[in-house]
Number of protein chains: 2
Amino acid sequence: MVRFHSRSGQNFFRTVTPVTEKRRSLPLLGEPPVERRDAARNRIAILEATRRLIDRDGIDAVTMEAVATEANVGKGTVFRRFESRQGLMAALLDHSEMAWQGAVLFGPPPLGPDGDPLERLLAFGPSRLETTLSNLDLIRHATAGRGGRSRPPYVFAVMHVRHLLQEIGVRGDLPLLATAIMAPFEVHILEQQTRVDGVTTARINAGWTDLVRRIVRD
Amino acid sequence: MVRFHSRSGQNFFRTVTPVTEKRRSLPLLGEPPVERRDAARNRIAILEATRRLIDRDGIDAVTMEAVATEANVGKGTVFRRFESRQGLMAALLDHSEMAWQGAVLFGPPPLGPDGDPLERLLAFGPSRLETTLSNLDLIRHATAGRGGRSRPPYVFAVMHVRHLLQEIGVRGDLPLLATAIMAPFEVHILEQQTRVDGVTTARINAGWTDLVRRIVRD
DNA sequence: GCCAAAACGGACCATGGTCCGATTTCATTC
DNA sequence: GAATGAAATCGGACCATGGTCCGTTTTGGC
């Protein structure tokens, strides 16, 4: 099974744009404006502070004010950088999601490319389930509230599955089938199953594999 | 197609316990305590006020304070009766959900009993989709926030599907298969499909039917 | 060193939710 | 059928937290 870590070290938030290199006088069109140094410093401080708070006191203790204080920053700054509490959580999530996407897109088989499509698909589920479960709280807080923004990881996963289905040669409404395949991994459902019904991870995986086999067979 | 109305008339909230009839001196064990008359009056007033506010100004305008004012009641009362904003929405939802459950359990075929199990299952999806879509806002606001309580309608739907699968003679992990079949009707997913991807209801239904056929065939 | 643009940060607002003294209800008693 | 009192209910003041606003400070190209 492919491994990837969601919480690596301490300095795991890197500036997106290294500010040490000389900046172009005229920013190219469509290029995001370079992040000012204080802004970058604060962004990182905020993310690290949030991570620290979650690890120490649980996600419910993460109030925006607490984050601001812990990061030695004003409340307004937190909101300017991350829009909302939801946005802050999403930013934190991005980190492990990116790692996972990397494994899917560029990692070794069976998950990564160069593998049999069906094998890839069957490896995809457990892998996705693992990341999802280990980030349940974060995902819930990153999607709850206001219209439940379309979560990029979800979109990515569905597109990827759709692609695999196509390679496998499945026929039908692929986007919808892909959605159906990923649907059992929705937060609400997983929470119900794991926290209420006491379904084990192994069983969820087995069930999912069975589901895929039923959908794919011709 | 079976029809049922979610918003019938004006006086559609009835007291659970008619208080006109003489009350037993000693309440039977396990029987819920009789609702005091003022309590009943207020409960109904609150529900009707909420409905009115939603219809008039949209669900986002429904603040607990606004509800209290509209119902001529104190804010504390609203919270005592419905626990939370979420609870209030859930109570409102219950109304149309009950009607739907009635249609499923006691209505005419193909949805109700006395039908071929597979027919029932295939009728179940579109029916469920219809109720869900016409209550999207309510459902979202009734489940969002705090740990996303296990929504009774969801539990009911899954159990029912599980039962139908059994009657059809499908073999495998029925609870999980049932969950998988209902999963594409999760709020988040439907919102993404209808509001972002522009998928039509007809297409969702077609896709769902296809899904069920793939799962059920042996 | 200058200056415009960007970022900062804390006071302020809105709303969900809690609390507790005042009020209402209703079975019992006379 | 009026008085009584305990239990339930009421309701608004109060609190916590997400989110906004805008005057002040910092940044970094010139």
Side-chain angles (χ1 to χ4, degrees), chain A residues 15 17-27 32-46 49-50 53 57-90 141-142 144-147, chain B residues 15 17-27 32-46 49-50 53 57-90 141-142 144-147:
Chain A
T15 44
T17 314
V19 203
T20 45
E21 77 184 37
K22 200 66 183 162
R23 182 210 293 189
R24 263 180 302 276
S25 300
L26 291 180
V34 178
E35 192 178 34
R36 243 171 63 171
R37 203 177 285 147
D38 52 348
R41 178 171 21 86
N42 282 347
R43 178 172 52 75
I44 295 173
I46 292 170
T50 308
L53 283 179
D57 307 325
I59 203 162
D60 282 329
V62 180
T63 61
M64 297 305 262
E65 194 121 342
V67 168
T69 305
E70 177 83 19
N72 278 311
V73 134
K75 199 176 165 188
T77 301
V78 181
F79 276 95
R80 191 166 347 87
R81 298 311 305 245
F82 298 97
E83 286 278 289
S84 61
R85 192 191 136 96
Q86 203 177 128
L88 176 57
M89 299 304 181
H141 282 85
R146 305 247 134 268
Chain B
T15 44
T17 316
V19 201
T20 45
E21 78 184 36
K22 199 65 185 166
R23 182 211 293 189
R24 264 180 301 278
S25 299
L26 291 179
V34 178
E35 191 178 33
R36 245 171 61 169
R37 202 177 285 146
D38 52 347
R41 177 169 26 82
N42 283 348
R43 179 172 50 76
I44 295 172
I46 291 170
T50 308
L53 283 179
D57 308 325
I59 203 161
D60 283 329
V62 180
T63 62
M64 297 306 261
E65 194 121 342
V67 169
T69 304
E70 177 83 19
N72 278 312
V73 134
K75 198 176 163 188
T77 302
V78 181
F79 277 95
R80 191 167 344 86
R81 298 311 305 248
F82 298 97
E83 286 277 292
S84 61
R85 192 190 135 97
Q86 202 177 130
L88 176 57
M89 299 304 180
H141 282 85
R146 305 248 132 269

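Just so it is clear: chains get the letters A, B, ... in the order the sequence lines come, proteins before strands, and each one is counted from 1.
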| note | Correct closest heavy-atom pair for Ile59(B) and His141(B) would be CG2-CE1, 3.4 Å
| task | Summarise how protein sits on nucleotides 7-16 of chain C as a single string, 5' to 3': B when a protein heavy atom is under 4.0 Å from the base, S for sugar-phosphate-only contact, - for no contact. | result | SBBB----SB
| remark: Heavy atoms of Arg85(A) and Phe79(A) approach each other most closely as N-CE2, 4.5 Å
| message | Working to the nearest 0.5 angstrom, can you tell me the gap between Arg41(B) CZ and Ile46(B) CD1? | response | 11.0 Å
| task | Locate the shortest heavy-atom distance separating Phe82(A) from Arg43(A); write the atom from each residue and the value. | result | CZ-CG, 3.8 Å
| query | Of the non-hydrogen atoms in Glu70(B) and Ala49(B), which two are nearest, and what is the gap between them? | reply | CG-CB, 3.4 Å
| What is the distance from CD of Gln86(B) to C1' of dG17(C), rounded to the nearest Å? | 13 Å
| task | Whole angstrom is fine here: how far is it from CZ in Phe82(B) over to C1' in dT9(D)? | result | 14 Å
